[in-house]
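Comments concern the structure below.
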Amino acid sequence: MPTCVPTHTADPNRPERAHPPHSPPHGPPPDRPRRLRIAGADLSAAVAVFLIALPLSLGIALATGAPLQAGLVAAAVGGIVAGRIGGCPLQVSGPAAGLTVVTADLIQQYGWRTTCAITVLAGLAQIGLGCLRVARGALAVSPAIVHGMLAGIGVTIAVAQVHIVLGGTPQSSVPDNLRALPAQLANVDPAAVAVSVLTLTLLLLWPKLPGRAGRLLRMVPAALVAVAGATATAAAAGLVLAEVDLPSWRSHALAGLPEGPVLGLVAAVLTTTLVCSVQSLLGAVAVDKLVARRPGSGHVPRSDLDRELLGQGTANIASGCLGGLPVAGVAVRSSANVRAGAVSRNSTMLHGALVVVAALLMVPVLEFIPLASLAALVMAVGIQMVSLHHIRTVTRHREALVYAVTAVGVVFAGVLEGVALGIAVAVGVALHRLTHTRITHEVKEEVHHVDVRGQLTFLAVPRLSRALHLVPQGATGVVALDGSFMDHAAYEALQDWQNTHTARGGAVEITGRRPGADVRLAEPAALISSPTTEGTDETGVPSGAGCRCRPWTAWRNHQCELPLSAPDDDRSDHDNRVTGGTSDTGDSSGTGVTHEAGDAAGRQGGHYGRPSRPGTGDGPSDTGTDTGTGTGTGSASPAGSVSGAGGPKASRTGTDLVRGLSTFQRSTAPLVRGELARLAREGQRPTQLFLTCADSRLVTSMITSSGPGDLFVVRNVGNLVPPPGEESGDDSVAAALEYAVEVLAVRSITVCGHSGCGAMQALLDPRPDGPPSARTPLERWLRHGLPSLKRVRDGNGPGVRLAGRAPADIAEQLCLTNVVQQLEHLRAHASVARALKDGLLTLHGLYFHVGEAQAYLLIETAAERVFDRVRAEDLAL
């Protein structure tokens, strides 16, 4: 979000936000007629998608037993109607392989006209769901069920098309097709097999053409090359084969009134609605991910899933009325559209228009295509729907049983029945995991280990209590939690035992997901920075929004160990904090982290890092990690001493690095290795430059929920940006700006200040002036903050406020003003100024209050500068 954003009128006390000064004017000039402009990237993408959609639409219509023209109608309607109304601009809709089995069953049971009517009714149901705004609810279906459904449909398609590939006719079900296969193998049509093998060979080898010529040839879709090559070969060889038969559009069958039992029709409508909706919504989410990975995709809006349902429903109504197949989002065409560089919904709509042109003008050419070639193409698509990647994923998440039952149910019972079986098995697996917890107790080297594997609920409390009471009084116990959920009863039982055991002289260490720090698992590629325990309830479930990601590193309590040579009183305090007893660390979150200041140089050099005024709670030398209690008086180390140079902790620094590296290689590296390997291959592509202070309490990836490769971070003392020409031999910040803007092409730059900044305190309390030659490097660097200090003392320019209140003191005012001043310095750099003028860059001001663990975003108005919390309405900007 830029520093200036559109005004929100819902809150009259909220400062007014203006549009960025570099924003282009909205709308065309009043004296010129508005023109439809289609980007070149959209045009090329539309042609690429059209060349893929044309043979696939005919093949899917052939597989369902519908009139072949119905596939072209659905492709055209899906492109034009769903492309125009839908909520995912780059998703391409049309006849989908995932709907083949459903549609084939409907045609066989009710006939073509009633199937069209069912498509219309399914479209109306989709519009109703879109109006009810329940699209997100469809994503609650387990991915194992969705992948299993698609795999079952793929197997059904492939088995049916084998008969056409061999020159025969498919049966109505998979068991019938399998029983008829031996007889079909005994009566093979050599011409059909030859054309099918040629189609599959071209389809497989075309994407692997080597060299520069191959790279150019691969721009033509493999599906088109396979079908065109097989058709040309069959025509040149004079093979006698069944070919595409497109009847005249005058005799095209349209929708009729539905005929059949009411309950059967309702089930058919629900099945069609379910499959169309789930496939389209999951496809929209997948398209968002593809677009996000593509460079320069910031202007493509994210999908509106409720609007996508409305668009898909409207397209199904139009397709059914015009005699077309059911419409859904298609993964193959959508991914091709994104890879081809499409930038708007114009590519999808134009592809639909090209299908219309082909359906009207290319009928004589299309009728040369052998049916065996289309069958081979569709069979390959069906086989690809059984994805090995999906099988490995569900196996890794222990959901292979759900996947297998769904796939087998779809193959042998039907889509709706298979999905119902999958949901039942998924519920059973979830209940089994919730109720079956393995708890073991063993003694290793006089340490009692209690291992808990599975979810810790009230049902497991009796077994947990028995295992815990096997630990003798005064002994050391280690409780290892290997689950992602703990309910209140289990938490109370564990906490009561822990308090009782430590009160009787024992020691307890809880590893894994500690009580109150539960974090659910995520895919390794989606890992982000470590969340804290604040904002969680007793069961460990985050009380805020939806972070379900594992932290990069288990940093909680990472500084609570003391050297073996520590005095006895220090050792007892250390044991107290490890065992979870009360301590005097001043850290209300219980983490035991004792980062007192931004930079160690502040403690040793005197003025930079000088303690702020008493009672602020976030000064550079505040003891403990203040979490908003306002006391700031707890002891940062045992015996009440601050761990400065020469303190008790000094002897730890020799082993901290080795211990940290060992922990990373053992625990974190396996989780991030895949993501870092991808970044190593692709190079860094950050979208943000984050310029902040060197203070150790500012964990940039944590406060921005970012991972590796997301941020290009520049740190210095005081988050200063020297104006152009004033670097005086230190060009590091200017070089970083130039590299980030010109080479990395970042889209935003953030200047982040923080509370209790030692650099700002040093500006307020400078040393007596001496000759320039006597100034230290730190003093020479801090002169770039003097404009901020002058701005505060002179009172020039708009005032600065923090969340609707005035700064608490002069130190906080200077920290806030410094962010505003450094943004002005930033705009003076040539590379930044050019990017702002071209509309390629936005600037942000950010203030992080360490004691509150709260980030405030800068809002600039003509009257004042306000640092305010990010609100829900800001997330849509």
Side-chain angles (χ1 to χ4, degrees), residues 3 15 597-599 602 605-622 691-695 716-728 733 751-772 774-828 843 845-851 856 858-868:
T3 55
D599 297 270
H607 285 273
Y608 174 55
R610 174 176 295 180
S612 63
R613 287 158 178 74
T616 60
D618 56 11
S621 294
D622 287 347
L691 196 151
T692 188
C693 185
D695 193 292
N716 62 52
V717 175
N719 49 274
L720 302 178
V721 182
E726 295 188 14
E727 290 83 356
S728 299
V733 176
V751 176
C752 178
H754 67 96
S755 61
C757 181
M760 299 299 103
Q761 189 65 47
L763 288 174
L764 288 173
D765 301 320
R767 289 181 176 179
D769 292 335
R775 293 181 180 176
T776 66
L778 182 59
E779 290 172 336
R780 289 197 297 271
W781 169 255
L782 289 179
R783 76 184 187 281
H784 300 302
L786 293 177
S788 302
L789 182 61
K790 184 176 184 299
R791 187 168 185 159
V792 169
R793 289 178 172 172
D794 296 347
N796 295 331
V800 180
R801 298 175 64 82
L802 180 63
R805 66 169 176 84
D809 53 25
I810 187 66
E812 186 174 67
Q813 183 180 4
L814 180 57
C815 292
L816 296 169
T817 303
N818 184 57
V819 174
V820 178
Q821 183 67 39
Q822 301 312 314
L823 284 173
E824 294 187 4
H825 291 178
L826 194 61
R827 295 185 182 97
L843 303 183
L846 192 67
Y847 178 76
F848 183 69
H849 195 291
V850 179
Y856 297 89
L858 174 61
I859 307 164
E860 293 188 294
T861 66
E864 61 180 352
R865 306 289 187 265
V866 177
F867 288 84
D868 204 356

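- Gly718 and Cys693 get closest at one heavy-atom pair: N-SG, 3.4 Å.
- Using modelled atom types and a 3.5 Å distance limit, the side chains of Gln813 and Asp809 yield no donor-acceptor pair.
- Take Ala828 and apply the side chain to side chain contact (heavy atoms under 4.5 Å, CB included) test, not counting sequence neighbours, and it matches Pro724.
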Go through the steps for Glu779 and Thr776 under the test side-chain contact (heavy atoms from CB on, under 4.5 Å), then give the verdict. CA-CA 5 Å; Glu779 290 172 336; Thr776 66; 3.3 Å; yes
Leu720 and Val733: CA distance, side-chain angles, deciding distance, side-chain contact (heavy atoms from CB on, under 4.5 Å) verdict: CA-CA 9 Å; Leu720 302 178; Val733 176; over 6 Å; no
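- Here the side chains of Tyr856 and Leu846 are not in contact, with every heavy-atom distance at 4.5 Å or above.
- Distance alone, capped at 3.5 Å, places no donor-acceptor pair between the Asn716 side chain and the Thr692 backbone.
- Two residues are said to be in side-chain contact when any heavy atoms from C-beta on lie closer than 4.5 Å; Asn719 and Asn818 meet this criterion.
- Side-chain contact between Cys757 and Asp695 is absent, with no heavy atoms from C-beta onward closer than 4.5 Å.
- The shortest distance between side-chain heavy atoms of Ser788 and Arg791 does not fall below 4.5 Å.
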Salt bridge (charged side-chain N to carboxylate O under 4.0 Å, His left out) assessment of Arg865 paired with Glu824: CA-CA 13 Å; Arg865 306 289 187 265; Glu824 294 187 4; 5.1 Å; no
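- For the pair Leu763 and Gly785, the tightest heavy-atom approach, listed with the atom from each and the gap, is CD1-O, 3.6 Å.
- Checking side-chain atoms of His754 against main-chain N and O of His849 turns up no donor-acceptor pair under 3.5 Å.
- When all heavy atoms of Gln822 and His784 are compared, the closest pair comes out as NE2-O, 3.9 Å.
- Using a cutoff of 4.0 Å between basic side-chain nitrogens and carboxylate oxygens, Glu860 and Arg827 are scored as salt-bridged.
- Panel note: side chain Thr817, backbone Val792; no donor-acceptor pair is recorded below 3.5 Å.
- The side-chain heavy atoms of Tyr847 and Cys815, taken from C-beta on, include a pair separated by under 4.5 Å.
- When all heavy atoms are compared, the tightest approach of His825 to Val721 is ND1-O, 2.9 Å.
- Looking only at distances, no side-chain donor or acceptor of Arg793 sits under 3.5 Å from a matching main-chain atom of Lys790.
- A distance of 11.0 Å separates CG of Leu802 from CG of Leu858, quoted to the nearest 0.5 Å.
- Contact check for Val819 versus Phe867: side-chain heavy atoms found under the 4.5 Å cut-off.
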